[in-house]
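Single-structure report; data block below.
When a residue number appears, it is its place in the shown sequence, counting from 1. Both counts, for ligands and for their atoms, begin at 1 and track the order of listing.
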Amino acid sequence: WAKSSGKNRLVAYAEGMSAAAQDKASLRDDLGRALAEGQFEVFYQATVDYRRQTEDCGPAGQAARAKGYEALLRWRHPERGMVSPLDFVPLAEASGEILAIGAWVLRTATHQAAAWTAERGYPVGIAVNLSAVQLANDDVLTVVRDALRDSGLRPSQLTLEVTESVLVGDLEAVSARLAQLRAAGVLVAIDDFGTGYSSLSYLRRLPVDTVKIDRSFVSDLSLGGSATLLVASIIELARSLGLDVVAEGVETEQQAEVLRELSCTYAQGYLYAKPQPAQEVRAELPGELPVDVPAMVAEPSTL
Ligand code: C2E
Ligand code: MG
Ligand code: MG
Ligand code: MG
């Protein structure tokens with residue numbers, strides 16, 4: 001037995017457990033307290049609209065091109081510092097804690113977007129990642145509706161992102177669930193598109209609004225060749241189905257150039273903005289939206 005980092009909990013460290021396994025067990029143990037102890041935080045990363053031109057390449061110029069913001073969960077661990085969601089979300093999914101954590105992210109992000117909207121006087125869009133475990137849970141519709149009602153955010157300002165990997169399960173059930181969520185007025189995006197085993201042909205049958213092209217394809221764009229062809233065909237198909245396309249992980253001007261050439265409408269990446277704490281986003285939000293550009297959130301009638 002070893003005393004864990006926390007107050008009075010004990011973690012069983014099996015004899016001969018590897019250091020990595022011990023580390024994971026202690027992280028799993030700490031995760032159980034993180035929500036109650038207020039260790040989670042939400043960062044926000046802008047998605048820019050290529051149709052909006054900007055002379056100002058700095059943060060304010062990019063904020064003026066924002067279509068909206070993606071909420072990205074952060075865990076400020078008392079001893080380890082920032083732990084990546086890639087390291088703890090799978091643990092939270094396995095334990096079921098992702099349900100409570102995910103509901104907290106939804107509440108936090110919808111309240112934040114509603115506050116920015118009230119402050120600035122134009123609708124600020126927000127995207128929240130939904131785990132496959134949340135999507136499969138029968139309470140998800142209630143959780144989403146409650147977050148909208150309590151925050152006062154319009155449903156059309158909220159996009160739920162589900163990774164392409166959720167589609168490997170029961171496609172019928174997933175489609176039905178996504179349709180229910182859209183019937184509540186929220187938008188749905190397929191995240192990390194192109195990585196899973198689902199093919200372009202799935203898109204046709206899915207009730208979604210947006211496709212987010214995975215970073216791995218975007219990072220290969222500068223090299224030209226097959227990645228460029230794949231991205232071009234995703235954009236083309238999405239357009240023919242009336243879907244929005246967001247390119248993820250744009251880091252270089254060269255990638256941006258190729259994307260604009262392919263008529264990609266939206267992009268997200270370090271080139272434009274990193275995920276930032278809410279107060280930093282607030283400081284950069286434009287005072288008002290430029291009038292000659294599309295609104296931050298489409299009116300329901302045009303969806
Ligand atoms: P994602 O939803 O695909 O989010 C995009 C990830 O790419 C984020 O990583 C973001 O910080 C990172 N990113 C953005 N632009 C760039 C870029 O230009 N270059 C590079 N190298 N990376 C970039 P992050 O925040 O570490 O999140 C990782 C994943 O964890 C997310 O991928 C998402 O799947 C999951 N995640 C994050 N927050 C939540 C949450 O609240 N709930 C659930 N269920 N999953 C979450
Ligand atoms: Mg996402
Ligand atoms: Mg993604
Ligand atoms: Mg991704």
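Residue Q268 has no nitrogen or oxygen atom sitting less than 3.5 Å from a nitrogen or oxygen atom of ligand 1, judged on distance alone. Remark: ligand 1 and L73 share an N or O pair separated by less than 3.5 Å (distance only, no angle test). Residue T163 has no N or O atom closer than 3.5 Å to an N or O atom of ligand 1.
Shown here for L237 and S240, the closest heavy-atom pair between the two residues is O-OG, 2.7 Å.
Side chain of R74 to main chain of M82: no donor-acceptor pair is present (N/O by atom type, distance under 3.5 Å, no hydrogens or angles). E284 places no side-chain N or O within 3.5 Å of a backbone atom of A60 that could act as its donor or acceptor partner. In terms of modelled atom types and a separation under 3.5 Å, the side chain of R52 and the main chain of A66 share a donor-acceptor contact.
Heavy atoms from other residues, nucleotides or ligands lying under 6.0 Å from CD of Q279 number more than 12. Within 6.0 Å of CD on E119 lie more than 12 heavy atoms contributed by other residues, nucleotides or ligands. Atom CD of E41 sits in a crowded spot, with more than 12 heavy atoms from other residues, nucleotides or ligands closer than 6.0 Å.
No part of K212 comes within 4.0 Å of ligand 1, judged by heavy-atom distances. Counting heavy atoms closer than 4.0 Å to ligand 1, residue L271 contributes nothing at all. Using a 4.0 Å cut-off between heavy atoms, S131 contacts ligand 1 through both its backbone and its side chain. By the criterion of a heavy-atom distance under 4.0 Å, the side chain of D192, and not its backbone, is placed next to ligand 1. Contacts between Q45 and ligand 1 below 4.0 angstrom, taking non-hydrogen atoms only, involve the side chain exclusively.
Between Q134, E248, M82, it is E248 that holds the heavy atom closest to atom 5 (C) of ligand 1.
In summary, the atoms of ligand 1 found under 4.0 Å from a heavy atom of P275, numbered by their order in the structure, are 11 (O). Which parts of ligand 1 touch E251 is read off a 4.0 Å heavy-atom cut-off, strictly below it: atoms 17 (C), 18 (O), 19 (N), 20 (C), 21 (N). Atom numbering of ligand 1 starts at 1 in the shown order; those under 4.0 Å from a heavy atom of D191 are 1 (P), 2 (O), 3 (O).
Counting only protein atoms, the N, O or S atoms lying less than 2.8 Å from the Mg ion (ligand 2) are E70 OE2, N129 OD1, E161 OE1, D191 OD2, ordered by chain and residue number.
Heavy atoms of E70 come nearer than 4.0 angstrom to ligand 1 in at least one pair. The closest approach between a heavy atom of G102 and any atom of ligand 1 is not below 4.0 Å.
No side-chain N or O of T252 forms a donor-acceptor pair with one of Q254 less than 3.5 Å apart. Side-chain contact of Y266 with R65: a donor-acceptor pair under 3.5 Å is absent, judged by distance alone.
The side chain to side chain donor-acceptor pair (under 3.5 Å) test applied to E251 returns no partner, not counting sequence neighbours.
Note on V89: it does not cluster hydrophobically with L72, by side-chain heavy-atom contacts below 4.5 Å among ILVMFWY residues. When the side chains of ILVMFWY residues are joined at heavy-atom separations under 4.5 Å, either directly or via intervening members, V174 and V128 end up in a single hydrophobic cluster.
The aromatic rings of F40 and W104 sit tilted, their planes meeting at an angle between 30° and 60°.
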